[in-house]
2 protein chains.
Amino acid sequence: MRCLLFYDITNDRIRAKIADACLDYGLDRVQYSVFTGRLSRNLQEELFLKVTALLGDQAGSIVLLPICQKDWQARAEKGEMPAPFLRTG
Amino acid sequence: MRCLLFYDITNDRIRAKIADACLDYGLDRVQYSVFTGRLSRNLQEELFLKVTALLGDQAGSIVLLPICQKDWQARAEKGEMPAPFLRTG
């Protein structure tokens, strides 16, 4: 089942580790801090446990949301993710 | 119907205007660049047109996704949005 995982995390090192975990689970990066892909419910739970453990008690927010196919197909999108080295904020 | 709107935009001024538009349409900020709320399909389309017009040809990505109640209720969340003035990235 498709899921969307997004986060807002202050600590650069933790943010990078969480991005790596999402990529390790086969998710695609759709924005700098937003990933999506198809994972079984079990793997979604496993990934969520992993990324929340990485966050620990540091400041930040992580959300993992299942997305049904109908909703995903109805999304509206514009533009491309800015190149990381062009980001100013 | 509930929707999720998220963006990754380089230009600070445009990013702030898009956040204001989301708040004007009654969405709640769940992360620094992620908003959610209930809007009719027509208002979702209107908001998407507005925010893509604000982005214009500047670098960035905006996605608006409808979210069914079942998926929204199945989300997993941890933590709080960091205070804006504590963000380092």
Side-chain angles (χ1 to χ4, degrees), chain A residues 1-16 18 29-36 41 44-45 47-49 51-89, chain B residues 1-16 18 29-36 41 44-45 47-49 51-89:
Chain A
M1 174 172 209
R2 181 172 294 279
C3 65
L4 194 74
L5 191 152
F6 49 96
Y7 50 81
D8 200 354
I9 290 168
T10 307
N11 183 292
D12 293 344
R13 195 177 55 82
I14 292 174
R15 201 169 56 240
I18 288 176
R29 196 167 211 159
V30 291
Q31 289 182 357
Y32 186 70
S33 301
V34 183
F35 292 78
T36 188
R41 175 64 80 170
Q44 289 183 26
E45 286 177 8
L47 173 59
F48 189 73
L49 287 174
V51 295
T52 54
L54 287 167
L55 179 60
D57 57 2
Q58 295 285 307
S61 157
I62 305 173
V63 179
L64 187 153
L65 182 65
I67 305 280
C68 64
Q69 190 61 12
K70 179 164 174 268
D71 288 346
W72 183 248
Q73 288 179 339
R75 75 194 182 281
E77 295 188 277
K78 184 181 181 194
E80 301 285 331
M81 180 170 63
F85 300 111
L86 296 179
R87 291 185 89 242
T88 59
Chain B
M1 173 172 208
R2 180 173 294 279
C3 65
L4 194 74
L5 190 152
F6 49 96
Y7 50 81
D8 200 355
I9 290 168
T10 306
N11 183 293
D12 293 344
R13 195 177 54 85
I14 292 175
R15 201 168 57 241
I18 288 176
R29 196 168 211 157
V30 290
Q31 288 182 358
Y32 185 69
S33 301
V34 183
F35 292 77
T36 189
R41 175 64 78 169
Q44 289 184 27
E45 286 177 8
L47 173 59
F48 189 72
L49 287 174
V51 295
T52 54
L54 287 168
L55 180 60
D57 58 2
Q58 296 284 308
S61 157
I62 305 173
V63 179
L64 187 153
L65 181 67
I67 306 280
C68 65
Q69 190 61 14
K70 179 164 174 270
D71 288 346
W72 183 248
Q73 288 179 338
R75 75 193 182 280
E77 296 186 278
K78 184 180 182 194
E80 300 286 332
M81 179 169 64
F85 300 111
L86 295 179
R87 289 185 91 241
T88 58

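Quick note on labels: first sequence line is chain A, next is B, and so on, each numbered from 1.
Looking at every heavy atom in both residues, B:L55 comes nearest to A:K78 through CD2-CD, 4.4 Å.
With values rounded to the nearest 0.5 angstrom, A:D71 atom CG is found 6.0 Å from B:D71 atom CG. For the atom pair CD (B:E80) and CG (A:D8), the distance works out to 11.5 Å, reported to the nearest 0.5 Å. In this structure, CZ in A:F48 is found 10.5 Å from CZ in B:R75, a value given to the nearest 0.5 Å.
For A:T36, the side-chain contact (heavy atoms from CB on, under 4.5 Å) criterion is met by A:R2, A:L4, A:V30, A:W72, not counting sequence neighbours. Shown here are the side-chain contact (heavy atoms from CB on, under 4.5 Å) partners of B:A16, two or more places apart in sequence or in another chain: there are none.
Each of B:L65, B:V51, B:I67 has some count of heavy-atom pairs under 4.5 Å with chain A, and the biggest count is that of B:L65.
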